Amino acid sequence: MPALPSDPGTSRTRSWWGWGYADAHPDDAECTAMGALLPGTLARPLPIPRVTDLPVTRPGATPPPALAHLVTSDPEARAAHAMGKAYRDVIRALRGRPGRIPDLVARPTDDQEVADLLDWAGEHGVAVIPFGGGSSVVGGIEYRGDDHRAVLSLDLTSMDRVLEIDTTSRSARIQAGALGPVLEEQLRPHGLTLRHFPQSFEFSTLGGWLATRAGGHYATVRTHIDDFVQSLRVVTPAGPCTSWRLPASGAGPSPDRLFLGSEGALGVITEAWMRLQERPRHKASASVSFADFHRALDAVRAIAQSDLAPANCRLLDSGEALLAGASHDGSAVLVLGFESATTRVDDRLTSALDLARAHGGRARTPTADHNAPADSAVSAWRSAFLRMPYLRDGLARMGAVVETFETAATWDKIPALIDAVRTEVGAAALKATGHPATVNCRLTHVYPDGAAPYFTVAVAGRPGDEVSVWDDIKAAASDVLHRHRATITHHHAVGRDHRPAYDLQRPEPFALALRAAKDALDPHHILNPGVLVD
């Protein structure tokens with residue numbers, strides 16, 4: 001059983017403490033150069049943490065012989081399953097304070113082994129944390145507290161096969177532990193794709209996407225993994241639950257809706273029938289620059305309220321555009337993209353560009369069906385999108401506080417919400433650190449009735465106290481969102497970090513029903529304790 005996950009088909013090793021691959025992180029010189037851009041950061045980067053320096057204690061429980069072959073207590077495997085990949089996780093690892101490390105890591109290979117592990121854990125008071133790719137940025141896969149004698153991280157990545165493909169209905173039955181690339185590689189020979197590409201695509205699983213209601217690359221229409229679900233199979237301590245495979249149903253509340261977004265607190269999603277698509281053959285993209293960000297918001301709203309349905313409709317404010325290399329003149333940039341498996345999309349892009357121009361946008365030459373030179377702003381955005389988490393970890397090594405949060409609200413609230421976040425979160429960061437902060441914004445997903453702003457905060461931290469600084473900033477951000485009736489999360493889940501704001505957002509009768517579901521499905525309260533409901 002390998003201690004750390006590797007990319008299938010290669011020898012690349014995942015970083016146990018930070019984002020992505022261990023060999024892709026900035027080196028010391030690049031970290032130092034980035035730190036120089038934020039006055040007040042450390043003079044030299046914090047060293048890469050070592051598992052041997054962590055407080056890895058003896059396991060608090062021992063599995064029975066029948067399950068021993070599924071379980072390891074290897075220190076590296078335990079460290080790699082201790083936390084997600086949020087900023088506070090990275091800085092805690094760098095500072096040698098990872099929190100409670102799981103006692104054991106299990107890798108079941110089928111539903112029965114999942115059920116057997118849950119039965120054993122329930123009988124012995126062992127907390128079970130379902131684990132996919134480990135990319136959570138909201139504290140969703142760590143254990144906090146001391147109510148359980150031991151903690152078991154239940155890694156599903158050995159359950160990673162496409163079990164069945166129905167080409168007539170264009171859908172597939174897929175095991176939940178399949179990482180994004182593993183899943184797509186198995187669909188490719190059939191000319192089909194799930195086409196759900198979150199930023200964490202390489203490092204997250206189908207089950208993780210389902211359990212967190214993850215957002216993908218589509219900026220309109222099919223924005224969340226929910227849109228692709230045909231049916232789910234979930235193993236709970238109370239027994240297995242399999243919904244019927246249907247295109248749609250009006251038969252009462254949907255069973256799938258109970259488990260979508262349940263974050264492993266009600267059961268372990270082990271497989272799903274997912275709706276597939278033909279691979280796109282026609283694509284077109286372009287970027288549009290705006291001198292006025294609020295006029296750019298109006299342009300995006302007009303496009304979202306048309307029937308054009310772009311696959312990509314990302315608006316970057318001037319700061320975000322500068323970081324991405326998409327603009328250097330202080331303008332905001334809108335990145336537009338269209339795709340189709342059956343028809344050319346040039347006309348749809350042209351119509352969207354016309355709407356953007358009507359609101360003051362300056363469009364660059366579009367890239368249509370791969371026949372024109374790539375738009376430099378589009379290319380820059382794509383590269384920065386994939387590289388940004390690694391740069392965040394490099395800045396964390398310099399003692400900087402660099403993190404993101406996202407939300408969603410109706411269009412009538414969006415301009416004031418964005419302005420309030422920039423002002424109030426910036427003020428909170430200055431108060432917490434004594435240093436001015438950068439607060440940038442982009443729209444990642446848009447709807448006819450609203451949008452999902454995504455914010456990036458960067459500021460020099462207080463050496464050794466970076467977690468508390470971020471917690472203060474995050475509290476200020478959550479307060480702004482709550483006052484503007486904006487959701488605490490659009491697609492990153494609740495986890496433990498968003499739990500206080502989630503408790504304020506949800507209606508109390510719903511919370512009552514959720515607690516009842518938890519009691520019924522997880523009577524020993526072993527599944528991901530502290531997530532969603534107590």
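Given the structure is predicted, the values throughout are model-derived calculations rather than measurements.
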* Asked: Step by step, would you call Glu339 with Lys283 a salt bridge (Lys or Arg N to Asp or Glu O under 4.0 Å)?
  -> CA-CA 4 Å; Glu339 61 184 47; Lys283 297 182 181 181; 5.1 Å; no
* After noting the C-alpha distance and the side-chain angles of Thr72 and Leu104, does the key distance pass the side-chain contact (heavy atoms from CB on, under 4.5 Å) rule? -> CA-CA 6 Å; Thr72 182; Leu104 302 165; over 6 Å; no
* Apply the test side-chain hydrogen bond (donor to acceptor under 3.5 Å, both in side chains) to residues Tyr87 and Thr404: give CA-CA distance (whole Å), side-chain angles for both, the deciding distance (0.1 Å), then the verdict. => CA-CA 9 Å; Tyr87 168 78; Thr404 63; over 6 Å; no
* side-chain contact (heavy atoms from CB on, under 4.5 Å) assessment of Tyr447 paired with Thr220 -> CA-CA 6 Å; Tyr447 307 90; Thr220 66; over 6 Å; no
* Asked: Does the pair Leu156 and Phe131 meet the rule for a side-chain contact (heavy atoms from CB on, under 4.5 Å), with working shown?
  -> CA-CA 6 Å; Leu156 275 292; Phe131 188 100; 6.0 Å; no
* Asked: Step by step, would you call Thr212 with Val138 a side-chain contact (heavy atoms from CB on, under 4.5 Å)?
  -> CA-CA 10 Å; Thr212 61; Val138 293; over 6 Å; no
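Under the 6.0 Å cut-off for aromatic ring centres, His196 and His224 do not qualify, their centroids lying 6.0 Å or more apart. Ring to ring, His492 and Tyr454 are close: their centroids are under 6.0 angstrom apart.
Results of the side chain to side chain contact (heavy atoms under 4.5 Å, CB included) test with His217 over Gln199, Arg195, His445 single out Arg195 as the only residue that passes. Residue Ile141 is tested with Ile129, Val531, Asp89, Asn528 for a side chain to side chain contact (heavy atoms under 4.5 Å, CB included); the sole match is Ile129.
Between Ala284 and Leu349, the shortest heavy-atom distance links the atoms CB-CD2, 3.7 Å. Residue Thr32 comes nearest to Ala43 through the heavy atom pair CG2-O, 4.2 Å, listed as atom of the first residue, atom of the second, then distance. Smallest separation of non-hydrogen atoms from Ala458 and Val402: CB-CG2, 4.2 Å. Residues Phe338 and Ala352 come closest through the heavy atom pair CZ-CB, 3.8 Å.
In this structure, Arg95 pairs ionically with Glu466, as a charged nitrogen and a carboxylate oxygen lie closer than 4.0 Å. Looking at Asp393 and Lys85, no side-chain N of the basic residue comes within less than 4.0 Å of a carboxylate O on the acidic one, giving no salt bridge. Between Glu142 and Arg144, at least one side-chain nitrogen of the basic residue sits less than 4.0 Å from a carboxylate oxygen of the acidic one, meeting the salt-bridge criterion. A salt bridge links Asp471 with Arg88: the distance from a Lys NZ or Arg NE/NH1/NH2 to an Asp or Glu carboxylate oxygen falls below 4.0 Å.
Inspection of the Ser327 and Asp329 side chains reveals an N or O donor paired with an N or O acceptor under 3.5 Å. Judged purely by distance below 3.5 Å, without hydrogens or angles, the side chains of Glu184 and Thr193 pair a donor atom with an acceptor atom. Side chain to side chain, Thr489 and Tyr502 fail the donor-acceptor criterion of an N or O pair below 3.5 Å.
Below 30°, between 30° and 60°, or above 60°: for Phe405 and Trp470 the angle between ring planes is between 30° and 60°, a tilted geometry. Taking the six-membered ring for Trp and thresholds of 30 and 60 degrees, Tyr390 and His25 have ring planes more than 60 degrees apart, a perpendicular arrangement.
Rounded to the nearest 0.5 angstrom, Met398 CE and Leu38 CG are separated by 9.5 Å. For the atom pair Ser331 OG and Asp317 CG, the distance stands at 10.5 Å (nearest 0.5 Å). To the nearest 0.5 Å, atoms CG (Asp103) and OG (Ser73) are separated by 9.5 Å. How far OG1 of Thr57 is from CZ of Arg78: 5.5 Å, rounded to the nearest 0.5 Å. Here the OG-CZ distance, from Ser15 to Phe203, works out to 10.0 Å after rounding to the nearest 0.5 Å. Rounded to the nearest 0.5 angstrom, Thr456 OG1 and Glu406 CD are separated by 11.0 Å.
For the pair Arg12 and Tyr21, the cation-pi test (distance below 6.0 Å, angle within 45°) is passed. Both tests hold for Arg422 against Phe293: distance to the six-membered ring centre under 6.0 Å, angle to the ring axis within 45°.
Around the CZ atom of Arg387, the shell of radius 6.0 Å holds more than 12 heavy atoms that belong to other residues, nucleotides or ligands.
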